[in-house]
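Taking it in order: structure first as structure tokens, then the write-up.
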Amino acid sequence: MKFFISKNQFFLGLFVVQTGSVFISFQTPLIEAASQDAWIVFIVCCVIQFIQLYLYERYYSYFKINKFLQWMYSAYWLLLVVTFLAYIQKSLSVWAFPLTPPSVIIGAVVLLSFYANISRPESVMNLGVLLLPLFPLIFIFLSLATPDLVWTNVFPMGNITLKEWGIGLKEAKFAFIGTELYLFYRTFVLKSEKIDVKSLMKFILTISTFYFITLVFILMFFSLEELKIIPEPLVYILKSQEVTFIERLDLFFIFIWMAWSIITVVYLIFTISMFMKKAITKTMTIKKVILHALLFVLPLIIIAQELFNITRDLLIYGHFLFSMIIPLFVIVINMWRGKNAEKA
Amino acid sequence: MRKKHSILFCVLLLSGCWDERQYKDFSVVSMVGHEGQVGEITSYFSVPTIKEGATTSSIVKGMGKSTRDARMDADLKSNQTIDVSKLSVLLYSDESAKSDLYEYLDVYYRNARNQLSTYVAITEGSPEPYIEIGNELQDEAGSYYKKFIKSLSFVSIYPETDLQMVCSILFDDGIDLTLPYLFINKENNPELKGLALFNGREYTGTNLTVQQSKLLSVLKDRVGRRANFTVIYKDTPVTMVVRKIDKKWDYSEMDESGIIKLSYKLKADVQEFSKDHIEQGENKKELEQFLSQQLNEETNKLFEVLQEAKSDPLGLGRRVRAFHPEVWEKGDWNDTFSDITIKPDIKVDIKRTGILK
Amino acid sequence: MKKWGDIMESFTKLSVYIKELFHDSSDLIVRQIDWPGDEAILCQFSSLMDHAVINEQLKLIQERFKENLTNWGDTPSSSVEAFHPANLVEYVCRGESVIILVESNLLLRINLPRAAYRAPMEPSSEQIVQGPHDGFVESLDVNISLIRKRLTIPNLVVRKVIVSSFSKSPICYLYIESKVDEVTLSEVENRLRKIDTEYLISAGHLADFLEDTVWSPFPQLMTTERPDKVVSNLMEGKVVILVDQSPTVLIGPVTFFSFYQSPDDFNGRVLVGSFYRLLRIFSFLTAIFLPAFYIAIVSFHFEVLPLELSKTVKSSVNEIPYPPFFEALILEITIELIREASVRLPNPIGQTIGIVGGLVIGDAIVSAGLVSNIMVIVVAITAISSFVIPSIEMNTTIRLLRYPFMLAASMFGFFGIAIGTIILFIHLINLRSLNQPYFYPVVPFKPLVFKEIFFRLPFTKPHVQASSFVPEKTANESGEEKT
């Protein structure tokens with residue numbers, strides 16, 4: 001399967017995958033770890049992220065992985081998707097559907113992902129467009145809360161220990177989960193569209209501004225003690241807003257977020273079936289059927305066995321392993337080999 | 001084929017079996033009152049009944065170990081399941097509020113379906129008669145009290161504080177909660193006595209007067225549409241309306257001597273002044289000085305009350321926490337608050353005088 | 001086949017043969033006429049011609065023949081060719097008058113058929129307030145003339161094909177040579193060539209053959225009866241397909257949003273046109289989602305209603321015996337019945353149906369307590385917003401689409417609606433019209449084109465639809481990329 005994507009599609013996809021499920025939940029652990037300084041930690045994390053992307057952009061052509069690593073990446077992504085799905089189910093059941101069995105909700109989402117995945121790759125790549133009208137909506141919703149913000153909540157600054165910095169950075173980096181897709185999809189971007197530092201900068205600014213606004217809103221809206229008991233503060237802010245014509249903005253937001261996460265899931269599944277083509281020698285459709293069957297079963301296991309926190313922790317470390325350490329090794333080894341080949 | 005059709009038909013009939021909540025099966029309560037302590041709580045639900053399009057409400061009483069338990073008890077006494085997701089006002093008797101308020105409120109935060117724009121108020125004695133009177137005054141007590149409390153923010157007595165903000169404030173050590181305190185007057189109508197002051201999560205038992213409450217709103221810079229103050233100046237009443245507030249809180253002497261200077265510049269309009277000729281000569285300046293002095297005196301009295309009750313509804317502690325961590329960490333802020341010196345300085349600046357001079 | 005010479009022997013034999021060919025229809029005329037120096041047989045359907053005109057033409061040709069002109073038979077409406085029975089059948093069936101010159105073995109065609117046609121009246125399904133009020137009729141020639149009189153350029157190409165093996169009805173496709181996309185054109189030609197059918201008399205038949213996804217609820221070819229709409233689409237580089245004897249023409253490739261545009265937009269002022277365009281896009285949302293939304297609220301999420309509104313809703317649904325989904329279904333079906341009945345009935349009675357249906361049933365159904373009055377409002381608003389859409393087929397599509405949404409909402413509340421919306425979106429993304437993206441400018445994503453969809457911009461130049469799912473520059477980069 002060969003296809004091309006434009007620069008905008010590439011960045012939109014990356015944006016959707018990274019924000020995906022995490023954007024309503026990464027704030028609480030981060031603030032728990034770094035208290036009022038969460039926003040500073042986050043800014044530092046964004047700088048690190050930018051450097052990482054810059055390195056990706058420079059050396060992506062050296063990133064060629066063997067079969068074993070393909071399997072590893074696929075397993076990691078599968079874990080990611082499965083955790084997302086479990087999380088979607090968990091949130092939906094808490095916020096809207098306490099009695100609906102998990103299998104029904106996950107089944108519906110998985111069927112949807114299957115339907116999307118048997119479409120043409122161009123369609124999948126364009127799914128992110130559905131979310132564009134939702135961005136302003138989220139910010140309009142959020143802006144309703146501005147009168148209730150307490151700006152002194154972000155102070156005092158710089159009071160956290162080195163250990164807290166470490167945990168904070170780890171949690172902040174979780175917001176950028178899925179970055180490694182950059183390396184995989186970069187080769188599909190049209191050759192005629194240059195990705196320079198400026199466009200990277202634009203991308204990282206967009207995504208970090210988006211995160212940053214939500215983070216600061218949450219920090220200023222809730223008191224620290226209160227935050228410790230609220231796992232999805234962003235939704236909670238919306239819940240507390242009163243608009244004249246409709247109540248419970250959170251309910252609408254939950255579904256916006258759900259659509260968002262589903263698209264993330266679709267992207268990731270698409271990626272797995274795309275890059276696993278060398279790993280399993282079967283037709284595409286069968287592969288997709290198997291994948292989706294797994295997707296249906298695994299989240300249910302996670303929910304039933306209450307493995308959610310374990311997989312989430314695994315993912316954080318997996319993120320470091322798969323987005324930093326392995327690419328570093330692969331790129332360095334390939335560069336070294338390339339030089340050797342030149343010499344020979 | 002027939003089998004397929006019958007399955008489809010069954011699906012249609014069974015549609016929405018899990019989380020379906022038909023609106024007609026629920027009795028949506030707009031107002032709840034609680035009294036008693038944790039362990040034996042009595043709750044009063046204003047349950048609406050609809051008959052031929054007209055709504056009438058009656059009170060269903062429930063008793064239990066907690067607020068949730070009391071609701072279960074009340075469910076047994078009504079034909080439809082009681083649903084509190086559209087609660088507009090929550091009432092607590094003054095006695096219950098004297099213990100940890102959050103214990104009663106937790107159930108309302110924990111359920112995603114509950115609305116957080118609910119208002120909370122304290123009643124003198126049991127909330128039952130309040131709901132009863134509310135039901136008589138309007139077909140539903142909830143909408144009556146909602147408008148009642150909303151109008152308080154209009155005249156700047158009580159800045160709108162919904163359930164969510166109550167929670168934020170309860171969890172924030174740097175600021176204390178105030179809630180409207182209601183009593184039943186001689187005409188058998190609910191009336192506002194003032195604002196109930198909280199220390200941490202507990203009601204102190206002290207109330208501000210209506211006038212002081214209004215002043216507090218001005219100090220908070222959260223006035224509503226109207227913030228009127230009437231004083232007698234040289235035997236004639238003067239009424240001023242605060243238009244714009246410039247506030248400056250000076251904490252520079254906080255660390256050494258524990259002094260907070262609060263300086264305010266109020267831009268005000270004169271609404272009533274039968275002597276006229278404000279613009280003439282020194283009249284305006286004198287009037288301004290007089291008004292400033294009056295407000296300063298009242299503010300000092302207000303802070304005396306607040307410090308005695310160890311309640312900081314102004315949120316002075318928030319900045320202390322942000323910028324003076326040494327003071328903050330010295331001990332409980334409410335205790336520190338009662339010891340520090342607060343020097344208010346209010347200057348009134350008359351801007352407009354209506355269509356007369 | 002009988003031996004040729006035998007038939008030509010005499011008039012009687014020939015006339016018997018011809019009558020046999022046409023199964024001796026009563027309106028068939030086979031008659032010997034006088035011809036200088038030859039034996040001539042006139043053959044025609046009396047039902048398809050104006051006798052006076054034919055007489056006149058015949059006299060003219062005979063005079064030319066007598067004058068011994070070389071091309072005596074060729075006039076604008078007649079021609080001469082060698083005789084062949086197969087041709088004879090085809091011409092006569094088409095309404096031409098044929099004269100067989102037996103001795104010289106020639107066939108003279110006089111192509112002056114007469115059939116009953118409507119005047120090009122404004123199509124009742126696509127009425128506009130201002131602008132041209134003519135519409136297509138049931139004749140290929142008249143229809144093409146309606147288009148050609150608007151586009152007096154040599155670049156307007158008309159191609160005729162005959163696709164049906166039995167009825168032989170001609171189909172024409174039109175395009176503007178300099179504007180049309182070559183790939184699209186060859187795609188249309190390709191698909192027309194592949195059609196294998198006995199008869200084909202309406203645009204609807206043809207659309208089934210030409211569409212990319214027949215089972216999709218969305219029409220992928222636009223149908224219209226308005227020549228002005230056809231012309232503006234031709235100018236945008238589209239292909240227009242006409243079927244003989246059908247006033248409805250097909251236009252392709254189209255996008256989803258083009259169904260929401262009306263020629264009225266450009267007959268009015270910029271701001272007015274933009275306002276109504278926005279209104280129509282909004283009507284898309286209400287027409288599909290409103291009943292589903294209402295069902296989801298009253299059976300799952302009633303806490304989203306503000307207190308004041310909730311009291312009204314509560315008092316209206318309190319005594320209704322059915323679940324909201326059935327309630328909505330009763331009303332929706334009633335409205336569909338009213339619509340269907342008023343379409344079939346003649347105009348004066350149609351209005352009565354409207355009154356009976358709308359007022360009597362609407363009022364009685366509420367007071368009988370079968371349906372809540374809020375539901376009546378919801379369904380009525382939905383019905384009105386579905387009728388706003390300028391295109392008839394899109395209009396029916398949208399009306400059909402809300403049933404699955406209602407079902408989803410009654411089963412899963414907002415979750416069902418959200419899932420349904422995503423499915424709808426994926427489907428729209430996947431759809432193609434003549435191999436071109438249907439959901440342009442969403443796919444491929446062109447943010448700047450959106451303003452042309454939501455607003456009626458000042459008319460400067462017609463916009464061109466995207467021809468590929470691949471981002472634009474790909475075509476240059478790698479030629480073989482095809483979706």
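A note on names: the letters A, B, ... follow the listed sequences, proteins ahead of strands, and every chain is numbered from 1.
Heavy-atom distances place the side chain of A:Leu251, and not its backbone, under 4.5 Å from chain C. Within the 4.5 angstrom heavy-atom criterion, only side-chain atoms of C:Phe425, from C-beta onward, approach chain A. Looking at C:Leu309, neither its backbone nor its side chain comes within 4.5 Å of chain A, counting heavy atoms on both sides.
Each of A:Phe184, A:Tyr182, A:Tyr185 was compared with A:Phe10 under the ring pair (Phe, Tyr, Trp, His ring centres under 6.0 Å) criterion, and only A:Tyr182 meets it.
For the set A:Leu112, A:Ile262, A:Leu132, the entry with the most heavy-atom pairs within less than 4.5 Å of chain C is A:Leu112.
Ion pairing between a basic and an acidic side chain is recognised when a charged N comes within 4.0 Å of a carboxylate O; C:Arg191 and C:Asp212 show such pairing.
Applying the salt bridge (Lys or Arg N to Asp or Glu O under 4.0 Å) rule to pairs touching residues 250-269 of chain A yields A:Arg248-A:Asp250, sequence neighbours excluded.
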Taking only distance into account, with no hydrogens and no angle test, what donor-acceptor pairs under 3.5 Å do side-chain atoms of residues 101-109 of chain A form with protein atoms, sequence neighbours excluded?
none

